[in-house]
Amino acid sequence: MLKAHKNNFITGINQKLTYIFVALSFTVLSACSSTPENASLEQAGVNVQQEQPQKGPYETDVMSQPSVVSFVSPEDPLRFINEPIFSFNDTAYTYVLSPLAEGYKKIMPEAVAEAISNFFYNLREPLYALNHLLQGNFSESWASIKRVVVNSTVGIAGLFDAADDLMKIERNKTTFGNTLQSYGVGHGAYLVLPLLGPSDFRDTGSLTFNYFAHPLNFINDESAAQQLLIFDAAQSQVPVLSNYPKVLGDVENKYEFVRNLYMQNLQRDGNAKRQETFTPKTTEE
């Protein structure tokens with residue numbers, strides 16, 4: 001069984017990287033046949049408020065007021081590997097995935113897109129519950145369990161966030177990377193993943209756990225599970241990809257901008273976990 005799961009994991013990762021473009025294309029073309037989240041950032045030191053804890057390195061918030069904080073440029077021992085991968089990603093995002101994401105947002109009715117997002121969030125809610133439990137956050141774990149029960153029933157298989165709307169039980173996302181962090185595991189070196197973008201050793205390693213523990217891996221129809229996982233990966237990146245040109249359009253050194261922004265957000269989130277705060281630093285014109 002473990003060997004089969006390992007093989008499925010390798011196959012799943014390869015399929016996600018290979019077919020994320022296909023999934024987005026199919027969605028846009030299907031919508032075309034049936035149906036007639038962010039402000040620009042100025043410097044790499046901008047601190048952007050995002051829905052925690054998942055990081056969208058190219059996703060900003062139109063309604064937020066970014067603040068500049070002190071930040072030391074990080075060490076980047078794998079730059080000789082990261083930069084070529086980033087260049088490939090930049091080309092793929094700019095000319096293929098970002099236009100598809102923009103098309104998806106324009107064609108897909110907002111209510112339908114929200115229902116789809118809610119459905120996949122509900123599937124991931126048991127993962128949140130498990131990670132909260134492993135982190136010792138028992139109340140948050142219980143809240144996630146209640147969200148699954150309420151949204152799977154009253155919320156019609158998770159299409160509606162009834163737990164939040166009716167009971168004010170808000171979604172509290174967390175990952176195995178956060179669990180490792182809670183036990184003092186450092187993030188390690190900065191890493192750029194093909195198509196998936198900025199990451200680090202800790203969060204990249206947590207992909208293994210998140211894959212094995214995802215509820216979709218335990219349904220009988222493996223083909224359907226793989227297709228749902230691929231579509232989930234595609235639709236979850238639409239807000240990120242659609243904002244990529246807006247955020248990086250006028251940036252001179254895109255690689256360093258994205259790296260610094262990712263590492264700053266990582267530092268910010270780590271400080272929040274330790275109940276520390278950044279000291280604001282005013283920049284001179």
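Since the structure is predicted, the reported quantities are computational estimates derived from the model, not experimental observations.
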Start with the C-alpha gap between Tyr244 and Asp90, add the side-chain angles, then the distance that decides, and say whether side-chain contact (heavy atoms from CB on, under 4.5 Å) holds. CA-CA 9 Å; Tyr244 183 85; Asp90 180 57; 2.2 Å; yes
Is there a donor-acceptor pair closer than 3.5 Å between any side-chain N or O of Ser236 and the backbone N or O of Asp232? yes
Run the numbers on Glu256 and Arg79 for salt bridge (Lys or Arg N to Asp or Glu O under 4.0 Å), then give the verdict. CA-CA 10 Å; Glu256 292 187 357; Arg79 180 164 183 160; 3.0 Å; yes
Cluster overlap Leu127 with Phe138, hydrophobic side-chain contacts below 4.5 Å: no
Less than 4.5 Å apart, side chain to side chain, heavy atoms only: is that true for Phe209 and Asn131? yes
I'd like to know whether CG of Asp221 has more than 12 heavy-atom contacts from other residues, nucleotides or ligands below 6.0 angstrom. yes
Candidate pair Thr204 and Leu196, rule side-chain contact (heavy atoms from CB on, under 4.5 Å), full reasoning: CA-CA 10 Å; Thr204 299; Leu196 300 180; over 6 Å; no
Do the side chains of Phe88 and Leu191 join up, straight or via other hydrophobic residues, at under 4.5 Å, putting them in one cluster? yes
Using atom types as modelled and distance alone, determine if a side-chain donor or acceptor of Ser242 lies under 3.5 Å from a backbone N or O of Pro239. yes
Roughly how far, to the nearest 0.5 Å, is NZ of Lys173 from CZ of Arg124? 7.5 Å
Examine distances only and state if a side-chain atom of Tyr183 and a backbone atom of Leu134 form a donor-acceptor pair shorter than 3.5 Å. yes
Keeping the roles fixed (side chain from His132, backbone from Asn172), state whether a donor-acceptor pair exists under 3.5 Å. yes
Rounding to 0.5 Å, atoms CG (Asp76) and CD (Glu83) come to a distance of 8.0 Å
Over all heavy atoms of both residues, which pair between Ala129 and Ser141 is shortest? Give the atoms and the distance, please. O-OG, 2.8 Å
Nearest-0.5 Å distance, CG of residue Leu166 to NZ of residue Lys168: 8.0 Å
Could you please spell out the steps behind the side-chain contact (heavy atoms from CB on, under 4.5 Å) verdict for Phe120 and Gln235? CA-CA 9 Å; Phe120 284 108; Gln235 66 85 29; 3.7 Å; yes
Flag, side chain of Asn122 to backbone of Asn118, donor-acceptor distance under 3.5 Å: no
Calculate, to the nearest 0.5 Å, the distance between atoms CD1 and CD1 belonging to Ile145 and Ile169 respectively. 11.5 Å
Any donor-acceptor N/O pair, Thr94 side chain to Thr91 backbone, under 3.5 Å: no
For the residue pair Leu97 and Leu241, what are the closest heavy atoms and their distance? CB-CD1, 3.9 Å
Give every residue pair that meets the salt bridge (charged side-chain N to carboxylate O under 4.0 Å, His left out) criterion with at least one member in residues 145-154, sequence neighbours excluded. Glu125-Arg147, Arg147-Asp161
Min side-chain heavy-atom separation Leu261-Val258 under 4.5 Å: no
Please answer: with hydrophobic residues joined when any side-chain heavy atoms are less than 4.5 Å apart, are Leu193 and Leu180 in the same cluster? no
Ring pair (Phe, Tyr, Trp, His ring centres under 6.0 Å) partner of Tyr262, chosen from Phe86, Phe257, Tyr255, Tyr190: Tyr190
Check: Thr174 main-chain N/O paired with Asn178 side-chain donor or acceptor under 3.5 Å: no
Check the hydrophobic clustering (I, L, V, M, F, W, Y; side-chain heavy atoms under 4.5 Å; chains of links allowed) and say if Val150 and Val148 are grouped together. no
Can you list the steps and then say if Val154 with Phe160 is a side-chain contact (heavy atoms from CB on, under 4.5 Å)? CA-CA 8 Å; Val154 181; Phe160 304 97; over 6 Å; no
Just how far is it from atom CD of Gln135 to atom CZ of Phe176, taken to the nearest 0.5 Å? 9.5 Å
Asn151 side chain to Ala162 backbone, donor-acceptor under 3.5 Å: yes
Does the ring of Tyr128 carry Arg171 above it, NZ/CZ under 6.0 angstrom from centre and within 45° of its axis? no
If we ignore hydrogens and angles and just use 3.5 Å, is the side chain of Ser182 paired with the main-chain N or O of Thr179 as donor and acceptor? yes
Partner residues of Ser223 under the side chain to side chain donor-acceptor pair (under 3.5 Å) criterion, sequence neighbours left out: Gln227
The reported gap from CD in Glu222 to CG in Leu216 (rounded to nearest 0.5 angstrom) is 12.0 Å
When every non-hydrogen atom of Leu78 is compared with those of Ala189, the smallest separation belongs to CD1-CB, 4.3 Å
If only side-chain N and O atoms count, and only distance matters, is there a donor-acceptor pair under 3.5 Å linking Asp203 with Ser199? no
Check whether Val96 and Ile85 end up in the same hydrophobic cluster, where Ile, Leu, Val, Met, Phe, Trp and Tyr are linked by side-chain heavy atoms less than 4.5 Å apart. yes
